[in-house]
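We name chains A, B, ... by the order of the sequence lines, and we start the count at 1 in each one.
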Number of protein chains: 2
Amino acid sequence: MRYRRSDVIGRTIDLLEEVGLEGLSMRRLAGDLGVRPSALYHHVASKQELLGAVADEVLARGRRSTEVLGWRDELRLTCLELRDTMLRHRDGAALIALARAEGVGGEDPLQRMASVLAFNGADPELARVGASTLFHFVFGHVADRQARGLSSTEVPDESADFATGLGIVLRGLESRLAQHA
Amino acid sequence: MRYRRSDVIGRTIDLLEEVGLEGLSMRRLAGDLGVRPSALYHHVASKQELLGAVADEVLARGRRSTEVLGWRDELRLTCLELRDTMLRHRDGAALIALARAEGVGGEDPLQRMASVLAFNGADPELARVGASTLFHFVFGHVADRQARGLSSTEVPDESADFATGLGIVLRGLESRLAQHA
DNA sequence: ACCTGAACACCGTTCAAGT
DNA sequence: ACCTGAACACCGTTCAAGT
């Protein structure tokens, strides 16, 4: 069998579901593809670079079409989308953290949220920090959840807690936007 | 040389500073202590358990005396303390995430923040979720920062961004507390 | 272009045996 | 109680060589 880079990335996403980030090794991945470990280095520079590309792909798959709503709903939707994307994959939050170490992941939702804030009366500084604050809340929430119990099954109270927490941050942003208006 | 468990934990904290979480291996730690790798298993059950104990120790060292302030300043101080604790050690946020997977870390600041909220008119639900929201923001902020650039040197703008983000979350909480008052 | 074979310098962990 | 010695089943990565 002969593979392309996208095959390797795709198979890594599937393997991640089976064995998690900790169990994911280049040798295991190679075995899965029916290939020697060294062959992988024809497609990716290193394991780190591969995981960066995997995170990018995961983020791209989670991307939904932009809808035009009030700033509040638009930010809420972006955060829910980001949470869903991370939750959809085993160790999804840790994966995206790894990608950010690589300088490659998560810029897109951050940019979108900053734009929404800027279009709604936030000065550039508040837009940037507000978007970061939302991102950090979402990331922290999912990372903590996945670090602990079952990663895949949905705990219902958990979604309610997320919605409440998100509401708190949005309420704080509303107050700051009002000051600048 | 003969060691006790606390020696192993202490040396691990120092080694973490030198080589980071990625470079920290049981074999490297054993070599550092001048002992065979297998000797470590007399003191700890596994690497995972060791890292949990290390995170606990780090959290305990970062603990400051409780001051009696308004709820806002008390929460702010707890979050700043938590951030400082995580920032003080290389890969501190990731370390604490690992400990939480072990079910062992971070319960203390979470409890304190929930208590402060409960004493100030939050119902038990809001106290719990409010404390989690603050914790997730702090954790997400530091984890993201450490995953990227230089972990030890303080970037000044970074602290300002943290303070602003924290202010946004606290403002949202104030609004929720007012509703319940 | 994509792969194999073989090697290098590592891992965490177990377990019998020593003192 | 704390340690050594030896082993097991792994890692990521490189590099010459094959097709």
Side-chain angles (χ1 to χ4, degrees), chain A residues 1-57 90-91 94-95 97-104 147, chain B residues 1-57 90-91 94-95 97-104 147:
Chain A
M1 276 261 189
R2 298 204 133 203
Y3 296 107
R4 288 169 359 270
R5 179 175 227 259
S6 57
D7 297 323
V8 174
I9 291 170
R11 193 72 198 86
T12 306
I13 293 177
D14 295 342
L15 185 55
L16 182 64
E17 238 55 40
E18 291 174 38
V19 300
L21 210 46
E22 193 184 271
L24 201 162
S25 74
M26 296 299 269
R27 298 180 101 106
R28 171 80 206 258
L29 175 61
D32 247 53
L33 289 164
V35 118
R36 302 281 112 157
S38 52
L40 295 174
Y41 293 84
H42 195 81
H43 304 288
V44 299
S46 66
K47 186 182 184 179
Q48 218 181 81
E49 193 249 355
L50 169 60
L51 291 179
V54 165
D56 248 21
E57 175 62 23
R90 169 121 83 126
D91 297 325
L95 176 72
L98 248 42
R100 284 183 69 74
E102 203 77 338
V104 69
Chain B
M1 279 259 189
R2 298 204 133 204
Y3 295 108
R4 287 165 6 268
R5 179 176 227 257
S6 56
D7 298 323
V8 174
I9 291 170
R11 193 71 198 86
T12 307
I13 293 177
D14 296 342
L15 185 54
L16 181 64
E17 237 55 40
E18 291 172 39
V19 301
L21 210 46
E22 192 183 272
L24 201 162
S25 75
M26 296 299 269
R27 298 180 102 106
R28 172 79 205 259
L29 175 60
D32 247 53
L33 289 163
V35 118
R36 301 283 111 158
S38 52
L40 295 175
Y41 293 85
H42 195 81
H43 304 287
V44 299
S46 66
K47 185 182 184 179
Q48 218 181 81
E49 193 250 356
L50 169 60
L51 290 179
V54 165
D56 250 20
E57 175 62 22
R90 170 122 81 128
D91 296 327
L95 175 72
L98 246 41
R100 285 183 68 73
E102 204 77 338
V104 68

Legend entry - Check against side chain to side chain contact (heavy atoms under 4.5 Å, CB included), A/Glu22 and B/Gln48: CA-CA 12 Å; A/Glu22 193 184 271; B/Gln48 218 181 81; 4.2 Å; yes
Inset, instruction - Show your reasoning for whether side chain to side chain contact (heavy atoms under 4.5 Å, CB included) applies to A/Arg4 and A/His43. - result: CA-CA 7 Å; A/Arg4 288 169 359 270; A/His43 304 288; 5.6 Å; no
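Mapping B/Arg4 and B/Arg27 onto DNA chain D via the closest heavy atom, the residue that lands nearer the 5' end is B/Arg4. For B/Gly34 and A/Ser25, each mapped to the nucleotide of DNA chain D holding its nearest heavy atom, the one lying further toward the 5' end belongs to B/Gly34. If you find the closest nucleotide of DNA chain C to B/Arg2 and to B/Arg28, the one lying nearer the 5' end belongs to B/Arg28.
A straight line from CG of B/Leu40 to P of C/dC11 spans 12 Å, rounded to a whole angstrom. At whole-Å resolution of the value, CZ in A/Arg36 and C1' in D/dA16 are 17 Å apart. The CZ-C1' distance, from A/Arg5 to C/dC3, rounds to 18 Å in whole Å. Put simply, CG on B/Leu98 is 13 Å from P on C/dG12, counting in whole angstrom units. Note: CE (B/Met26) to C1' (D/dT4) measures 16 Å, nearest angstrom. Between the P atom of D/dC11 and the CD atom of A/Gln48 lies a distance of 18 Å, rounded to the nearest Å. Separating the OH atom of A/Tyr3 from the C1' atom of C/dT4 is a distance of 15 Å, rounded to the nearest angstrom. Atom pair B/Leu33:CG and D/dC2:C1' shows a separation of 13 Å (rounding to whole Å applied).
Base pairing analysis places D/dA1 opposite C/dT19; the two distances defining the Watson-Crick or G-U wobble pair are each below 3.5 Å. Remark: D/dA9 base-pairs with no nucleotide; criterion is Watson-Crick or G-U wobble with both hydrogen-bond distances under 3.5 Å.
Closest approach to the A/Tyr41 side chain among D/dG12, C/dT4, C/dC3 is made by D/dG12 (side chain taken as heavy atoms from C-beta onward). Each of C/dC11, D/dC3, C/dC3 was ranked by its minimum atom distance to the side chain of B/His42; first place goes to D/dC3. Set against C/dG12, D/dT13, D/dT4, the side chain of B/Ser38 has D/dT4 as its closest nucleotide.
Nucleotides D/dC11 and C/dC8 are separated by 12 Å at their C1' atoms, to the nearest Å.
The residues B/Arg5 and B/Glu57 are annotated as not salt-bridged, no charged nitrogen and carboxylate oxygen being separated by less than 4.0 angstrom.
Counting only heavy atoms from C-beta outward, the side chains of B/Asp14 and B/Glu17 never approach each other to under 4.5 Å.
The salt bridge (charged side-chain N to carboxylate O under 4.0 Å, His left out) search around A/Asp32 returns A/Arg11, A/Arg28, not counting sequence neighbours.
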